[in-house]
Amino acid sequence: LIENESKNIVILGLGTGGMYASKAASITNRNARITIIEQRDYDMFSPCGLPYAIEGSVKNFEELKYTFPTSKRLQKFLSHKAVEIDSENKSLTIEEVGTGRIRDLDYDSLIIATGSSPLVSPIPGAEKLLGRGVHIISTIENSEALKQAAVHSEKAVIIGAGATGLESAVALRELGLEVVIIQRSETPLRRSFDPDMGKMIIELLRSKGVTTFFGDSVERVNGEERVDSVSFKGESIQTDLVVVAIGNKPNTGFLSQSGIKTTRGAIVTDMRMETNLRGIFAVGDCACTFFHLDKESIKIELATVTKEQGLVAGTNAAGGSMEYGGTLGTFVSYVGGLEVAATGYNSMVAMKRGYEIITGKSRMKVKPKYIPGAGEVTVKLVVDSKSGVVLGAQAIGEEGAAWRVNVAALAIKKRVNVCEFSSIELAYCPPISDLIDPLHTAANIVKRRLARAGSRAQF
Ligand SMILES: Cc1cc2nc3c(=O)[nH]c(=O)nc-3n(C[C@H](O)[C@H](O)[C@H](O)COP(=O)(O)OP(=O)(O)OC[C@H]3O[C@@H](n4cnc5c(N)ncnc54)[C@H](O)[C@@H]3O)c2cc1C
């Protein structure tokens, strides 16, 4: 706790990163004065809830909004955007959205948490038709527009099968549309899931009535006044609307003259989340991050990662000392009634990093046979065959995939050996779980394979 040092901290962006940076700064330094600049005209909202508001399980988009309270030491400028940073004089220029009125602010520490925006331009023809049949999902406004369009539509094409693409495909199917999803890679979520696990997601989509094309790219989005089709494999698919969900670009355009170092648009930081300019920090979707296991730089957009980085940057900006340890990419998505979760390396990434691996996969009911209606989960572990250390976990199932992956995430972080992992004490009670858990079974399969391969790792 810092008691006597007064700090003037400015935070750009009131999303996950801005909010947690602000919380950490105010806890770290009782004399910190915090100013948050946000271009929206309303307070916070939860982007992660958007697919569920489109689908209807969240009844109203307004339910996703909430207030981040101000205090004597915290002020917010809503409807204002940062347009320029003068790091030499420790000041920045903000502009009021709508009026264009300019104002200058000084800072002792600056935290950039401006997030990212969906990429559209790589798909030929899409940008021109944005808002006229082409949709993105990132804000309450554009998600509400998609929902309204969906109500009057029969057919939708989703381009991209990352978490947002998958979740929106199922959401639009729930609304009764004929849905086609097209993804360049052979299976979805390739950085997290091995192809055999990815195929389970494809099967799920098909079982929900979604038409899937994996391993193929959209050539063009077509239409004059509005979208009428997409060109694909030399043919055209008629559609009423298109959702582009191929990834995001960091909101860092306003930094071009600032001297802040970026790579492919994302702000480069050290482990304190500080940029190349002292006193300027960056967190979340606008910043680079690195993988915990190998410290390799990766682009990842998760609220979980952003929150941790926000806590680190806020603490340091206020005069404290904290380091970010890197991400394992631990995530879960909810696709058509299945939890789809992963952490650490998948097989492909582990091998690319030079590991020889052994995997173990179990597909089991999560409760004893005599419990009616027990769901099934498939768990896959990726293990280093030399050391026996767990490197990654993937799980897909009707229930309990996320918590199993969360347990594995801790094991990976703590470099736990698969033998130790196989004897992990997990809570058991028939209506909840079974005595031998799918995690145990997957670990035991790896152990047997290690023994057969003559690895010394098992001891
Ligand atoms: C549909 C969807 C579903 C998701 N689901 C999940 C999930 O289930 N789990 C998960 O972990 N993550 C999920 N994410 C990702 C997660 O929401 C983001 O990683 C996280 O919100 C990033 O936080 P951030 O603070 O970096 O950016 P944001 O939360 O986007 O906040 C950035 C803020 O900066 C403002 N801003 C931008 N430029 C300026 C400027 N020049 N001046 C002032 N203000 C500016 C923006 O208006 C915005 O409010 C999802 C994202 C989406 C879009």
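As a basis for the values below, the full set of heavy atoms in this structure was taken, side chains included, without hydrogen atoms, waters or symmetry mates. Just so you know, ligand 1 is whichever comes first in the structure, and atom 1 is the first atom listed for that ligand.
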> Which ligand 1 atoms are under 4.0 Å away from a heavy-atom of Ile37?
Replying inline: 43 (C), 44 (N)
>> Tell me the contacting part of Met19 for ligand 1: side chain, backbone, both, or neither, using a 4.0 Å heavy-atom threshold, strictly below.
In response: neither
> Going by the order shown, which atoms of ligand 1 are within less than 4.0 Å of some heavy atom of Gly284?
Replying inline: 26 (O)
> Among protein heavy atoms, which lies nearest atom 51 (C) of ligand 1, and at what distance?
Replying inline: Pro47 CB, 4.2 Å
> So which heavy atom in the protein is nearest atom 13 (C) of ligand 1, and how far is it from that ligand atom?
Replying inline: Cys48 SG, 3.2 Å
>> Can you tell me if Leu12 contacts ligand 1 (heavy atom of the residue under 4.0 Å from the ligand)?
In response: no
> When you measure from atom 15 (C) of ligand 1 to every protein heavy atom, which one gives the shortest distance, and what is it?
Replying inline: Glu301 O, 3.8 Å
>> Can you tell me which portion of Ala113 lies within the under-4.0 Å heavy-atom range of ligand 1? Options are side chain, backbone, both, or neither.
In response: backbone
> Considering only protein heavy atoms, which is closest to atom 25 (O) of ligand 1, and at what distance to one decimal place?
Replying inline: Gly17 N, 2.8 Å
>> On a heavy-atom basis, I'd like to know which of Val332, Asp285, Val283 is closest to atom 22 (C) of ligand 1.
In response: Asp285
> Less than 3.5 Å between some nitrogen or oxygen of Glu38 and one of ligand 1, yes or no?
Replying inline: yes
> Considering only protein heavy atoms, which is closest to atom 24 (P) of ligand 1, and at what distance to one decimal place?
Replying inline: Thr306 CG2, 3.7 Å
>> Closer than 4.0 Å to some heavy atom of His80 - which atoms of ligand 1 meet that?
In response: 43 (C)
>> Heavy atom to atom 40 (C) of ligand 1, shortest distance: which of Gly15, Ala82, Ser116 holds it?
In response: Ala82
>> Which of the numbered atoms in ligand 1 are under 4.0 angstrom from any heavy atom belonging to Arg40?
In response: 48 (C), 49 (O)
> Quick check: does Leu50 get an N/O under 3.5 Å from an N/O on ligand 1?
Replying inline: no
>> Within the 4.0 Å heavy-atom shell around Ile137, which atoms of ligand 1 are there?
In response: 1 (C), 53 (C)
> What's the shortest distance from atom 21 (O) of ligand 1 to any protein heavy atom, and which residue and atom give it?
Replying inline: Thr16 OG1, 3.3 Å
> Considering Glu95, Lys307, Gln39, which one's heavy-atom position lies nearest to atom 36 (N) of ligand 1?
Replying inline: Gln39
> What protein heavy atom sits nearest atom 27 (O) of ligand 1, and how far off is it?
Replying inline: Gly115 CA, 3.3 Å
